Amino acid sequence: MNHRQTPARRTLLKGALALGAAAAAAPPAHAAGPTGSVALANPLVRQRADPHIHRHTDRRYYFTATAPEYDRIILRRSRTLAGLGSADEAVIWRRHTTGDMAAHIWAPEIHHVDGAWYVYFAAAPAHDVWQIRIWVLENKSADPFRGTWAEKGRLTTAWDTFSLDATTFTHRSDRYLAWAQHEPGMDNNTAVFLSRMANPWTLTGPQIRLTTPEYDWERVGFKVNEGPSVVRRNGRLFMTYSASATDANYCLGLLTADEDADLLAPGTWRKSPRPVFTSSEATGQYGPGHNSFTVAEDGRTDVLVYHARQYRDITGDPLHDPNRHTRVQRLLWKADGTPDFGVPVADGPVRLLGAGRH
């Protein structure tokens, strides 16, 4: 979600809680299509970082992301991806004013599990805004804009350390959680871990480290692996993650596992030695990262969802710059069955359906 401080560095930014009241986000410049429909264009949603889009069985898209004030969880819904840009935005939960879950409300994801809706997010207590941990909300209503969002509490991992960016997926009927955390004794800010789940808010069995920042491109500014997301295609599972500080150095790395392998066994996940998605001066997009995956309206075409800025240089701490905008583009596939991320496309119209290897 953002660059992370090890315990020794957290005090450097204490008290610097985002922008306060950020300027209202201008609506994206969607153009009318040939039939009067809204055409898809980037940025899709302005000033919304760490975007997560879930396409539900009702064929509608549900969108949540980090608000730059770091104080609430928002939700949008639309029958089209383009429609998310102008969809009404509801606040489904606000931070506490004291105690737990009072600061740094980061990187929410919305999932539908066993007939209920769940939001995973990061938050810190009022007395220590860098004591960030993973928390879970539950809504048993069929409509996540209705009903009650109940606080299921903190999601407990093996260590009581800096942790965030949880995502969940199923494999061979088992549910897994992947997340980022600082491991005691390790020379990093965060690594990415995986564990099975007993239920949507409880881990069970061992937690396995999948990747830690080891390459130079993962250690610029901060030693970070975070923001995992999974897409399954061509007999394999592909897990992206974000690396380095949240300025123009932010980028995506990739892990790959065969779908018939034990996801928790040593050696199952193979790591790309190079980043797969990076800043592009040619297209004017910087710091692309913290992605999720969805599909286009045809239900088949894979779509990469991520945030990026439209400029390289940032005044002050990147955490306080609100202009990480939600963006989407088609995820292509190479002849060998691996994903082809390409480069973050330029601002303007986006075509998801059409020619391309798939």
Side-chain angles (χ1 to χ4, degrees), residues 1-6 50 52 66 106-109 111 120-122 132-134 155-171 174-197 203 205-232 236-246 249-258 261-277 288-293 304-307 339 341:
M1 183 277 172
N2 299 284
H3 56 254
R4 318 301 185 199
Q5 292 69 38
T6 56
D50 315 319
H52 184 257
T66 302
W106 281 350
E109 287 201 5
H111 296 267
Y120 299 87
F121 67 102
I132 294 170
R133 305 292 186 268
I134 299 166
L155 194 149
T156 303
T157 63
W159 314 294
D160 183 17
T161 61
F162 189 91
S163 51
L164 68 172
D165 292 356
T167 191
T168 184
F169 64 96
T170 57
H171 177 65
D174 286 332
R175 179 159 294 280
Y176 292 84
L177 190 85
W179 74 98
Q181 185 163 14
H182 175 68
E183 180 177 355
M186 293 291 289
D187 177 28
N188 63 29
N189 296 88
T190 52
V192 172
F193 297 86
L194 185 69
S195 181
R196 285 191 178 90
M197 305 191 80
L203 301 183
Q207 65 178 50
I208 305 301
R209 185 195 329 122
L210 299 185
T211 173
T212 188
E214 55 188 305
Y215 298 113
D216 289 345
W217 55 268
E218 300 175 293
R219 300 164 68 91
V220 183
F222 293 90
K223 301 171 184 179
V224 165
N225 285 174
E226 64 183 13
S229 188
V230 173
V231 62
R232 189 191 328 259
R236 281 165 281 188
L237 278 73
F238 302 95
M239 181 183 291
T240 51
Y241 63 92
S242 298
S244 288
T246 57
N249 296 294
Y250 209 47
C251 60
L252 292 184
L254 184 68
L255 304 172
T256 303
D258 295 331
D262 178 356
L263 299 188
L264 298 177
T268 290
W269 294 90
R270 302 177 298 279
K271 180 175 178 175
S272 172
R274 293 174 295 278
V276 295
F277 198 56
H290 201 120
N291 77 288
S292 59
F293 297 100
L304 177 67
V305 184
Y306 62 99
H307 73 237
F341 292 85

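Please read these numbers as outputs of a predicted model, since none were measured by experiment.
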Shortest non-hydrogen contact from [X] to [Y]?
X: Ser195; Y: Leu203; value: OG-CB, 3.9 Å
X: Pro275; Y: Cys251; value: CB-SG, 3.9 Å
X: Gly253; Y: Trp217; value: CA-CH2, 3.8 Å
X: Ala261; Y: Thr268; value: CB-CG2, 3.7 Å
X: Ala178; Y: Leu194; value: CB-CD1, 4.0 Å
X: Thr66; Y: Trp106; value: OG1-C, 3.8 Å

Open item on the list: Could you tell me if Thr157 and Gln181 have a donor-acceptor pair between their side chains, going purely by distance under 3.5 Å?
Closed with: yes
- [ ] List the steps, then state whether side-chain contact (heavy atoms from CB on, under 4.5 Å) holds for Arg232 with His171.
- [x] CA-CA 10 Å; Arg232 189 191 328 259; His171 177 65; 3.1 Å; yes
Would you check if the side chain of [X] reaches a backbone N or O of [Y] as a donor-acceptor pair within less than 3.5 Å?
X: Trp269; Y: Leu263; value: yes
X: Thr190; Y: Val224; value: no
X: Asp165; Y: Gly227; value: yes
X: Lys271; Y: Leu210; value: no

TODO: For the residue pair Phe169 and Tyr176, categorise the inter-ring angle as parallel (less than 30°), tilted (30 to 60°) or perpendicular (more than 60°).
DONE: parallel
TODO: Report the C-alpha distance between Phe193 and Trp159 in whole Å, list the side-chain angles of each, state the deciding distance to 0.1 Å, and finish with yes or no for side-chain contact (heavy atoms from CB on, under 4.5 Å).
DONE: CA-CA 12 Å; Phe193 297 86; Trp159 314 294; 3.6 Å; yes
Open item on the list: Would you say that Phe238 contacts Leu254 through its side chain, given a criterion of any heavy-atom pair below 4.5 Å between the two side chains?
Closed with: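 Yes, at least one pair of side-chain atoms sits under 4.5 Å.
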Working to the nearest 0.5 Å, report the span between [atom1] of [X] and [atom2] of [Y].
X: His182; Y: Ser163; atom1: NE2; atom2: OG; answer: 11.0 Å
X: Leu255; Y: Asn225; atom1: CG; atom2: CG; answer: 8.0 Å
X: Glu226; Y: Thr246; atom1: CD; atom2: OG1; answer: 8.0 Å
X: His52; Y: Asn291; atom1: NE2; atom2: CG; answer: 10.0 Å
X: Thr167; Y: Glu109; atom1: OG1; atom2: CD; answer: 3.5 Å
X: Trp179; Y: Leu155; atom1: CH2; atom2: CG; answer: 8.0 Å

Open item on the list: Apply side-chain contact (heavy atoms from CB on, under 4.5 Å) to residues Lys223 and Thr212 and explain how you reach the verdict.
Closed with: CA-CA 8 Å; Lys223 301 171 184 179; Thr212 188; over 6 Å; no
Open item on the list: Between Asn189 and Phe162, does the side-chain contact (heavy atoms from CB on, under 4.5 Å) criterion hold? Intermediate values first, please.
Closed with: CA-CA 8 Å; Asn189 296 88; Phe162 189 91; over 6 Å; no
- [ ] For this output row, return yes or no: ring centroids of His290 and Tyr250 closer than 6.0 angstrom.
- [x]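 No, too far apart.
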- [ ] Could I get the full list of salt bridge (Lys or Arg N to Asp or Glu O under 4.0 Å) partners for Arg219, not counting sequence neighbours?
- [x]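 For Arg219 the salt bridge (Lys or Arg N to Asp or Glu O under 4.0 Å) partners, ignoring immediate neighbours, are Asp187.
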